[in-house]
Amino acid sequence: MAAQAAPEQLLIARVMLESPLPQLDRLFDYAVPAALRGQATPGVRVKVPLRSAGRIARGYIVETTEAVEYSGTLSEIDEVTSSVPVLTPAVWNLARRVSERAAGSASDVVRLAVPPRQVRVEKAWQLEQQSENPPVEYRANPTVTGYGERIIDSALDAGKRVAVAAIPAVHEVSPGVWVGRWAVTLAEAAARTLASGRSAIVAVPDYRDQQQLIEALAVLVPLDRISQLDARQPNADRYRAFLRCLEAAPRVIVGNRSVVYAPAENLGLIAVWDDADPLHNEPLSPYVSTRDVALVRQEQSGCALLFASHSRSTWLERLVEIGYVAPFAPDPAVLPHVIPTADQPGADAAAHARIPSAAWNTARRALEDGPVLVQVARPGYAPVLACQDCRTPARCRVCEGTLRLGGAHQTPSCELCGAIAADWHCRHCESTRIRLVTAGTGRTAEELGRAFPGVRVIVSDGERPRLTVDARPALVVATRGAEPVAAGGYRAILLLDGERMLARESLTVAEDCLRWWSNAIALAAPRAPAIIVGVGGALARALVTWSQHRFAAAELPDRRTLRFPPMVRLATVTGRPETVEQAISSLPDSVEGHESATIDVLGPVDAGDGLVRATIRFDYAFGSEVARSLRSSIIRNSTGRTKRQTSKATGTKTSFRPPPVLRVRFDDTEILE
DNA sequence: AGCACGCCGACT
DNA sequence: GTCGGCGTGCTC
């Protein structure tokens with residue numbers, strides 16, 4: 001450690017390359033030329049030579065050092081693209097951990113975290129930076145209301161992880177502006193964090209939720225303290241909002257799933273609304289959901305973490321049960337008025353479309369007073385296999401997976417483990433007759449409207465979403481998930497397609513339905529009746545007593561017995577048969593210190609195109625071992641052998657690599673559908 | 001990806 | 001003994 005710093009001490013930049021190639025997923029050392037010394041700081045975008053000068057790769061400087069880690073000749077950084085440090089150390093650490101967890105590339109995660117550069121936007125932002133305005137004043141000491149005196153506040157102030165049951169009501173945040181009460185809770189939590197001088201990230205599933213949250217926030221924090229980071233906004237707007245997050249002043253950063261990667265300085269809170277919504281599942285590699293990213297980031301940063309929903313997911317329930325997340329419920333309690341009718345749709349009321357007469361009468365009466373919500377299933381379900389006699393969905397007798405019909409006249413086989421269901425019989429009624437349930441397109445809104453002559457009908461669905469409706473009488477027909485917020489709340493709610501929604505083939509149908517129904521019921525006016533048709537049992541009980549977490553808790557023992565998520569984790573491996581075989585055989589079979597942890601493999605099953613897919617199930621303790629093993633299989637596969645092919649028609653010889661196929665995906669719940 | 005290196009068959 | 005095709009492996 002002698003002071004031997006020569007005047008021209010070598011400066012090394014460790015660079016993450018922007019490349020999808022798994023074998024390039026590590027840091028590369030480059031020498032920083034004297035001319036670039038001032039700009040070559042961690043987080044900036046650079047261009048570097050890669051393999052024989054001339055080829056240029058883009059990347060980010062992750063760190064600078066004077067210690068050479070590489071024992072070869074160093075190339076020099078070609079260019080510092082921009083002096084803005086867009087990849088902050090915290091986000092880099094998050095990206096690395098998240099990618100390791102999912103056997104993916106850090107650069108894939110960074111791609112989600114850092115929006116593409118917009119030169120004009122960046123220049124404008126840099127100019128604005130120099131003439132910074134004075135700090136704004138926040139409303140003093142905001143508090144989270146509706147959960148008892150300072151209960152949530154003190155949990156958040158202590159940097160805890162909490163699962164909050166949302167308050168099932170609507171709320172008028174400013175004259176004429178109504179939002180779900182949940183949005184107020186999240187806004188209050190964010191405002192409190194901001195007032196303490198720290199930033200908050202709030203992730204919501206979609207744009208409609210984001211709108212409500214922004215409206216709730218607008219009355220609590222100054223507008224210029226709010227950033228919206230939304231994948232559907234234009235690149236320029238997104239990059240502008242992203243750059244503002246890099247500023248030192250605390251902010252509330254709102255957006256959909258990738259907002260959990262926002263570069264918030266001094267992060268005090270991550271809040272996630274409705275973590276089980278499938279929109280929180282990232283469709284891009286390495287497919288890590290908002291919930292998992294939030295958990296990793298909370299662990300790294302020590303910020304508070306708040307999950308809120310009307311219906312607790314089984315994933316969160318597991319975390320509550322192991323004591324990792326603390327549960328909170330509204331105080332005073334708010335109990336919606338839910339009325340289940342076991343009547344089959346249309347059984348007693350042909351005159352009223354398929355609405356049972358009790359529900360029809362309730363709706364008729366409520367329509368004199370204000371809007372009534374009718375929730376219907378989304379049209380066009382994929383055909384599923386079910387018992388012909390009792391309609392129980394058909395499941396594999398080996399592993400409880402979903403049965404699928406491969407071809408038109410084939411014997412059904414298990415989608416998960418591939419077992420042929422030759423001697424299938426229904427577990428519920430012992431029938432041996434199986435049938436294809438082709439769910440129709442459903443009744444149209446017009447048909448429903450005809451049941452209530454003379455009433456204004458408003459439709460809200462995926463194509464024509466409607467965010468709000470006023471307080472005047474109207475029949476609001478909405479597909480699940482697209483229900484508008486009504487001023488003052490709906491005077492009655494009819495959940496019509498219970499049976500059809502439950503017929504969907506998925507491990508998670510019950511909890512999905514509970515979530516869809518709960519979210520709709522939460523839009524009711526105080527004590528307005530919510531009638532759910534054709535649903536009984538534990539699901540109806542959970543809704544009537546408004547204790548969805550108990551339903552989630554009751555699911556877990558079964559999942560543990562069956563070795564299904566969230567009690568174990570899953571990873572699917574797709575590729576050529578030999579490749580998948582190799583990947584499976586190199587999996588570890590034990591983890592030191594966790595001798596009771598187990599791992600098993602289902603399949604492989606045919607995945608089309610000459611590919612197969614295997615599903616690996618493993619205990620949480622196995623996570624990093626499995627990820628590391630699969631990662632090295634991916635690298636081995638992508639650097640592997642070539643195959644030569646001679647074209648017989650032309651006689652030309654071509655040498656090419658078959659596209660290396662070994663796709664790994666962790667925690668994909670859709671595989672169970 | 002794209003390019004260099006090296007190992008094995010056919011040639012001056 | 002040497003040229004070059006193509007498979008293999010590496011990229012700071």
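For the pairing with A:Asp292, the salt bridge (Lys or Arg N to Asp or Glu O under 4.0 Å) check across A:Arg97, A:Arg101, A:Arg257 returns one residue only, A:Arg101.
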I'd like a table of donor-acceptor pairs (distance under 3.5 Å, sequence neighbours excluded) in which one partner is a side-chain atom from residues 110-122 of chain A, with atom names and distances.
unit_1: A:Arg111; atom_1: NH2; unit_2: A:Asp108; atom_2: OD1; d: 3.3
unit_1: A:Arg117; atom_1: NE; unit_2: A:Glu122; atom_2: OE1; d: 3.1
unit_1: A:Arg117; atom_1: NE; unit_2: A:Glu122; atom_2: OE2; d: 3.0
unit_1: A:Arg117; atom_1: NH2; unit_2: A:Glu122; atom_2: OE2; d: 3.0
unit_1: A:Glu122; atom_1: OE1; unit_2: A:Ser82; atom_2: OG; d: 3.4
unit_1: A:Glu122; atom_1: OE1; unit_2: A:Tyr239; atom_2: OH; d: 2.6
unit_1: A:Glu122; atom_1: OE2; unit_2: A:Ser82; atom_2: OG; d: 2.8

Output side-chain donor-acceptor pairs under 3.5 Å for residues 564-571 of chain A, partner residues at least two apart or in another chain, one line each.
unit_1: A:Arg569; atom_1: NE; unit_2: A:Asp667; atom_2: OD1; d: 3.1
unit_1: A:Arg569; atom_1: NE; unit_2: A:Asp667; atom_2: OD2; d: 3.3
unit_1: A:Arg569; atom_1: NH2; unit_2: A:Asp667; atom_2: OD2; d: 2.8

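Residue A:Arg55 contributes atom CZ, which lies 10 Å from atom C1' of C:dC10 at whole-angstrom precision. Rounded to whole Å, atom P of C:dT11 lies 23 Å from atom NZ of A:Lys47. Protein atom CG of A:Leu50 is 11 Å distant from nucleotide atom P of B:dG2, rounded to whole Å. What separates CG of A:Asp78 from C1' of C:dC12 is a distance of 14 Å, to the nearest Å. The separation between A:Phe28 atom CZ and C:dC10 atom C1' is 9 Å, rounded to whole Å. Put simply, CD1 on A:Ile56 is 13 Å from P on B:dC3, counting in whole angstrom units.
DNA chain C is contacted by A:Gln23, A:Leu24 of residues 13-25 of chain A, taking any non-hydrogen atom closer than 4.0 Å.
Within the structure, ring-ring contact (aromatic ring centres under 6.0 Å, His included) contacts touching residues 253-277 of chain A (residues at least two apart or in different chains) are A:Trp182-A:Trp273, A:Trp273-A:His310.
Note on A:Tyr30: only backbone sugar-phosphate atoms sit closer than 4.0 angstrom, heavy atoms only; bases stay farther off.
Every residue two or more places apart in sequence or in another chain that forms a side chain to side chain contact (heavy atoms under 4.5 Å, CB included) with A:Thr88 is listed here: A:Ala90, A:Val91, A:Leu246, A:Pro263. A:Leu279 is linked by a side chain to side chain contact (heavy atoms under 4.5 Å, CB included) to A:Pro205, A:Asp206, A:Asp277, counting only residues two or more places apart in sequence or in another chain.
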